[in-house]
Amino acid sequence: ITGTGPSSKVIATLPSGESVEVLLYGATVTSWKSEGGKTENLWLSEKAALDGSKPVRGGIPVVFPVFGPPPKSGHATSSLPQHGFARNSRWEFLGKSAAEDALDASSVKLDFGLSTTELSEEARKAWPFDFGLVYSVTLAKDSLQTVLNVRNEGEESFEFQVLLHTYLKISDISKVAINGLLGVSYVDKVLNATTHQQSDASVTITGEVDRVYASIPQDTTTVLEDGKPRFDVVRDNLSDTVVWNPWIEKAKGMGDFAPDEGYKQMVCVEVGAVDGWQKLEKGEVFEGGQTMKSLL
Ligand code: BG6
């Protein structure tokens, strides 16, 4: 752990130079470097708040227990802020474990926890359930795995959504294609939340994009640049993916998004369970996550 107070973070490095940095605030991964530490894979705004004053604009914020604006009324999440409380709560660092396989390929796993007792009083009031989250971040030579485990520790059942809001760093949005979503239905938030079907093999981005692809049959979504695979994002027990790029006007409208032109160097590919609700009865556990591979 380095730093104290709200800006404390955990940094792990492999002998071969790859690294990961996780802020305790939100258990937000703010940096993932591969290729011996030479290539940063995550986009982080130059104006991202890293002091616990607001959710981080970039990296991998954890969205729980609601995605987007909560239902206006009538749902247990209705009084929560957009994207819930996990991304703006301080998590606990539970520890680090290292592994080395027969081929001498090492990996390191960092575990973070958040439970009811660590929540702000405001969040606890808004969502009065007993829960425990364990978030595991595993760095290997060419991959980063992030997995969230949700446990119902109370007497009552609860419903939730979860999403890993990954900001991938790319060099030029005009050269990006996202494959693996062909034929999948999506809700287009830019077009009044209407439902469409992905009819091209590649999603390309030439303006604001905010789409929720649901019930995706294929586990892997591939981000290509210039026709070459750049990232594989593999879903594990999560069937939905949001593709988001704010484009120029929305980017300018966000006080913590910098530089203004930064939208050209990022695309969010966010794996989650956000179509409907996951329900956990007393004592039940849900686990879902992603493995991202840097394919340079
Ligand atoms: C995406 C949503 O996941 O997150 C967008 O689909 C939203 O609608 C974006 O604008 C960023 O949200 P926030 O709360 O971090 O500004």
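By convention here, the first residue in the shown sequence is residue 1. Atoms within each ligand, like the ligands themselves, are counted from 1 in listed order.
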Inset, instruction - Pick out which of Y167, Y263, W43 makes a ring-ring contact (aromatic ring centres under 6.0 Å, His included) with F257. - result: W43
Inset, instruction - Could you pull out all residues at least two apart from W127 that satisfy ring pair (Phe, Tyr, Trp, His ring centres under 6.0 Å)? - result: F64, F85, F129, F131, F158
Inset, instruction - Using distance alone, with no hydrogens and no angle criterion, decide if Q290 and T146 have a side-chain donor and acceptor under 3.5 Å apart. - result: yes
Legend entry - Nearest neighbour in protein (non-hydrogen) for atom 1 (C) of ligand 1: H165 NE2, 3.3 Å
Legend entry - Backbone of V176 reached by a side-chain donor or acceptor of D172 within 3.5 Å: no
Legend entry - Minimum-distance protein heavy atom relative to atom 8 (O) of ligand 1: D210 OD2, 2.5 Å
Inset, instruction - Mind checking the CD-OG1 spacing from Q161 to T77? Nearest 0.5 Å is all I need. - result: 7.0 Å
Legend entry - ligand 1 versus E270: contacting region, heavy-atom distance under 4.0 Å: side chain
Inset, instruction - Check ligand 1 against K189 and write out every atom of the ligand that is under 4.0 Å from a heavy-atom position of the residue. - result: 2 (C), 6 (O), 8 (O)
Inset, instruction - Please report the shortest heavy-atom distance between S7 and L50, naming the atom on each side. - result: CB-O, 3.4 Å
Legend entry - Protein heavy-atom partner closest to atom 15 (O) of ligand 1 - residue, atom, separation in Å: R87 NH1, 2.9 Å
Inset, instruction - Please say whether R57 places an N or O atom under 3.5 Å from an N or O atom belonging to ligand 1. - result: yes
Legend entry - Closest approach of any protein heavy atom to atom 11 (C) of ligand 1, naming residue and atom: W244 CH2, 3.6 Å
